[in-house]
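Report on the structure given below.
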Amino acid sequence: MKKTYRVKSDKDFQRIFHEGRSVANRKFVIYHLKIEQKNFRVGLSVSKKLGNAVARNRIKRCLRHILQEAKPFLMPEDFVVIARSGVEQLNYHEMKKNLLHVLRLATIYQEGIEGEKKR
C-alpha cells in the first residue's frame, strides 16, 4: 500500500485514538477520525499476543490485501485497525468478512457509492 494510504507517525495514531470514535466486533476494533482529505489512510496494529512475527505479518498482509480490494468503497478518513485475539485462526475469507463487517459498522465501507458513480 502506498505511503499516502498509511498512518505511520505516533502523533497521528494518538490523534485518532483520542479524537476519533471506536467501533468493534469480536475480531477487530476500528478507531476512525473524519478528516478532510482526498483519500483514506489506515494504520494496522497486531499485538505480540497473537503469535510470532510470521503469524503477525501474515495477518497484516491479509488486512492490507482486503483494504486494497475495498479501496474504491472506503470513505476518505483516517482509521486504525486493531486485530483481536482469534484473528490468527481465521482464514482469508473469514477475516475479510469480519473486517468488512466492522468497517460497515463504522460507516467507512460503503459499497453502493462507487457503483452509483460508475453508472
Side-chain angles (χ1 to χ4, degrees):
M1 199 168 289
K2 293 182 181 179
K3 280 188 178 182
T4 56
Y5 294 103
R6 289 185 279 173
V7 175
K8 290 296 273 183
S9 73
D10 185 53
K11 184 179 83 171
D12 289 339
F13 271 94
Q14 294 306 319
R15 186 167 160 224
I16 294 168
F17 288 137
H18 293 299
E19 296 177 22
R21 301 184 62 151
S22 68
V23 177
N25 65 8
R26 290 178 183 248
K27 303 298 179 190
F28 295 103
V29 179
I30 302 276
Y31 283 87
H32 61 103
L33 182 63
K34 294 188 187 305
I35 297 176
E36 290 293 324
Q37 56 194 14
K38 62 181 180 178
N39 59 347
F40 71 91
R41 292 189 322 147
V42 62
L44 302 175
S45 175
V46 181
S47 171
K48 286 187 176 182
K49 294 177 184 177
L50 297 183
N52 62 11
V54 174
R56 293 193 310 270
N57 286 331
R58 179 194 162 271
I59 293 167
K60 288 187 278 189
R61 276 195 317 273
C62 288
L63 292 176
R64 280 193 291 268
H65 190 266
I66 293 165
L67 291 168
Q68 190 68 34
E69 286 181 342
K71 192 160 99 173
F73 308 112
L74 295 174
M75 302 303 288
E77 56 187 87
D78 288 354
F79 60 98
V80 176
V81 178
I82 301 172
R84 286 182 159 178
S85 64
V87 171
E88 69 276 8
Q89 296 154 358
L90 299 178
N91 65 33
Y92 174 80
H93 297 292
E94 292 169 334
M95 198 179 296
K96 181 176 182 176
K97 180 181 171 188
N98 279 286
L99 182 61
L100 293 181
H101 172 258
V102 76
L103 287 172
R104 278 189 200 100
L105 290 176
T107 65
I108 296 170
Y109 180 79
Q110 296 182 349
E111 202 165 20
I113 291 179
E114 187 66 25
E116 297 295 320
K117 289 179 183 176
K118 287 183 179 179
R119 291 181 183 170

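Here the structure is a predicted model, which is why all the values come from computation and not from measurement.
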Inset, instruction - Inspect the contact between Asp78 and Lys34 and indicate whether a charged nitrogen and a carboxylate oxygen are less than 4.0 angstrom apart. - result: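 No, no charged N to carboxylate O under 4.0 Å.
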Inset, instruction - Before accepting this row, confirm whether a basic side-chain N of the pair Glu94/Lys27 lies closer than 4.0 Å to the acidic partner's carboxylate O. - result: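 Looking at Glu94 and Lys27, the cut-off is not met.
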What's the spacing between [X] [atom1] and [Y] [atom2] if we round to 0.5 Å?
X: Asn52; Y: Glu88; atom1: CG; atom2: CD; answer: 10.5 Å
X: His32; Y: Met75; atom1: NE2; atom2: CE; answer: 11.5 Å
X: Gln110; Y: Leu103; atom1: CD; atom2: CG; answer: 11.0 Å
X: Ile59; Y: Tyr92; atom1: CD1; atom2: OH; answer: 14.5 Å
X: Arg84; Y: Ser45; atom1: CZ; atom2: OG; answer: 12.0 Å
X: Leu74; Y: Leu100; atom1: CG; atom2: CG; answer: 8.5 Å

Short side-chain to backbone donor-acceptor contact, [X] and [Y], under 3.5 Å:
X: Arg41; Y: Glu77; answer: no
X: Arg21; Y: Ile30; answer: no
X: Ser9; Y: Asp12; answer: yes

Legend entry - Flag if over 12 foreign heavy atoms under 6.0 Å of CZ, Arg26: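 Check fails, neighbour count at 12 or below.
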Legend entry - Test side chain to side chain contact (heavy atoms under 4.5 Å, CB included) applied to Asn39 - qualifying residues, sequence neighbours left out: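 Side chain to side chain contact (heavy atoms under 4.5 Å, CB included) check on Asn39 returns Thr4, Tyr5.
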Inset, instruction - I would like to know whether Gln14 and Lys11 meet side-chain contact (heavy atoms from CB on, under 4.5 Å); could you show each step before the answer? - result: CA-CA 5 Å; Gln14 294 306 319; Lys11 184 179 83 171; 6.0 Å; no
Legend entry - Val87, Leu44, Val42 screened by side chain to side chain contact (heavy atoms under 4.5 Å, CB included) with Leu63, the one that passes: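 Going through Val87, Leu44, Val42 one by one, the side chain to side chain contact (heavy atoms under 4.5 Å, CB included) with Leu63 is satisfied by Leu44 alone.
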Flag yes if [X] and [Y] sit in one hydrophobic cluster, no otherwise; membership is Ile, Leu, Val, Met, Phe, Trp, Tyr, and two members link when side-chain heavy atoms are under 4.5 Å apart.
X: Val102; Y: Val80; answer: no
X: Val29; Y: Leu99; answer: no
X: Phe73; Y: Leu105; answer: yes

Inset, instruction - Output, in order, the C-alpha distance, side-chain angles, deciding distance and verdict of salt bridge (Lys or Arg N to Asp or Glu O under 4.0 Å) for Glu69 and Lys96. - result: CA-CA 10 Å; Glu69 286 181 342; Lys96 181 176 182 176; 2.9 Å; yes
Legend entry - His101 ring center within less than 6.0 Å of Phe28 ring center: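 Not close enough - the centres of the two rings lie 6.0 Å or further apart.
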Heavy-atom side-chain contact between [X] and [Y] under 4.5 Å:
X: Tyr31; Y: Phe79; value: no
X: Ile35; Y: Arg15; value: yes
X: Arg104; Y: Tyr109; value: yes
X: Met95; Y: Asn98; value: no

Inset, instruction - Mind running side-chain contact (heavy atoms from CB on, under 4.5 Å) on Lys71 and Phe40 for me, showing each step along the way? - result: CA-CA 8 Å; Lys71 192 160 99 173; Phe40 71 91; 3.5 Å; yes
Inset, instruction - Given side-chain contact (heavy atoms from CB on, under 4.5 Å), test Val23 with Ile108 step by step and report yes or no. - result: CA-CA 11 Å; Val23 177; Ile108 296 170; over 6 Å; no
Legend entry - Evaluation steps, side-chain contact (heavy atoms from CB on, under 4.5 Å), between Val46 and Asn57: CA-CA 9 Å; Val46 181; Asn57 286 331; over 6 Å; no
